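Bear in mind that the values here come from a model prediction, so they are computed numbers and not experimental data.
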Amino acid sequence: MLGIVITGHGYFASGLLQAVEQVVGQQPQSCAVDFPEGISTEKLLVLLEAACSACDSGDGVIILSDLLGGSPFRQAAQLAIVNPRYEVITGTNMQLVVEMMLDREGMALETFRDMALECGRRGLTSLWHEQQKRRYDSLNLDGI
């Protein structure tokens, strides 16, 4: 099973993991690495390395970060560049994490990456757009 490490600024990671586990239950091979104010990027890298090692069963690790270009993303990228069994996904949202936690068993890193991006996109919408889809669907019920 792929390991999952969530990271981000402040307490984004631990908060997101807690929320996800409230919905889908406690998840094996998953952990959060927060980046609160006051810790260095060097310390963050050490924490990420330890988390990846703890979550990796040999199948690989997905590191989910909050913000493209931010320190958590950059430190995760450093790890992934030297370890081909690590993949980094950024712009993480709860939709992505919930769906992918449930689907990761037996999945290859590349497949997870591609499916995760689709899950994240699917979870980003607005009430207006959802109402328009329902309106369109109800107008086409008779198949004409």
Distance check, rounded to the nearest 0.5 Å: [X] atom [atom1] versus [Y] atom [atom2]?
X	Y	atom1	atom2	value
L96	I62	CG	CD1	10.0 Å
C52	N83	SG	CG	8.0 Å
L64	L17	CG	CG	10.0 Å
M101	E21	CE	CD	6.5 Å
L45	Q78	CG	CD	5.5 Å
L79	R74	CG	CZ	13.5 Å

Under a 4.5 Å side-chain heavy-atom rule over Ile, Leu, Val, Met, Phe, Trp and Tyr, are [X] and [Y] clustered together?
X	Y	value
I4	V24	yes
V46	L48	no
L124	V20	no
V88	L16	no
V33	F12	no

Margin query: The test is salt bridge (Lys or Arg N to Asp or Glu O under 4.0 Å); show your working for K133 and E130 and say whether it passes.
Written below: CA-CA 5 Å; K133 279 197 294 190; E130 291 303 301; 3.0 Å; yes

Which atoms form the tightest heavy-atom contact between [X] and [Y], and what is the distance?
X	Y	answer
N93	G120	ND2-O, 3.2 Å
A13	G8	CB-N, 4.0 Å
M100	M107	CE-SD, 3.9 Å
M1	P28	SD-CG, 4.0 Å
C55	V5	SG-CG2, 4.1 Å
D59	L2	O-CD2, 3.3 Å

Margin query: Can you tell me if Q26 has over 12 outside heavy atoms packed within less than 6.0 Å of its CD?
Written below: no

Notebook entry, point to check: Does any non-hydrogen side-chain atom of R122 lie less than 4.5 Å from one of E99?
Noted result: yes

Notebook entry, point to check: Does the side chain of E110 reach to within under 4.5 Å of the side chain of R113, using non-hydrogen atoms?
Noted result: yes

Item checked: Pair listing, ring pair (Phe, Tyr, Trp, His ring centres under 6.0 Å) test, anchored in residues 29-54, at least two apart -> H9-F35

Indicate whether any N or O donor in one side chain lies under 3.5 Å from an N or O acceptor in the other, for [X] and [Y].
X	Y	value
T41	S71	no
T92	D66	no
R104	S30	yes
Q22	Q18	no

Item checked: Side-chain donor or acceptor of Q27 paired with backbone N/O of G25 under 3.5 Å -> yes

Next item on the list: Would you check if the side chain of D56 reaches a backbone N or O of G58 as a donor-acceptor pair within less than 3.5 Å?
Entry: yes

Item checked: Evaluation steps, side-chain hydrogen bond (donor to acceptor under 3.5 Å, both in side chains), between S65 and T90 -> CA-CA 5 Å; S65 76; T90 190; 3.0 Å; yes

Notebook entry, point to check: With sequence neighbours left out, what residues match P84 under side chain to side chain contact (heavy atoms under 4.5 Å, CB included)?
Noted result: none

Checklist line | Intermediate values then yes/no, side-chain contact (heavy atoms from CB on, under 4.5 Å), D34 and I39 | finding: CA-CA 10 Å; D34 291 320; I39 74 165; over 6 Å; no

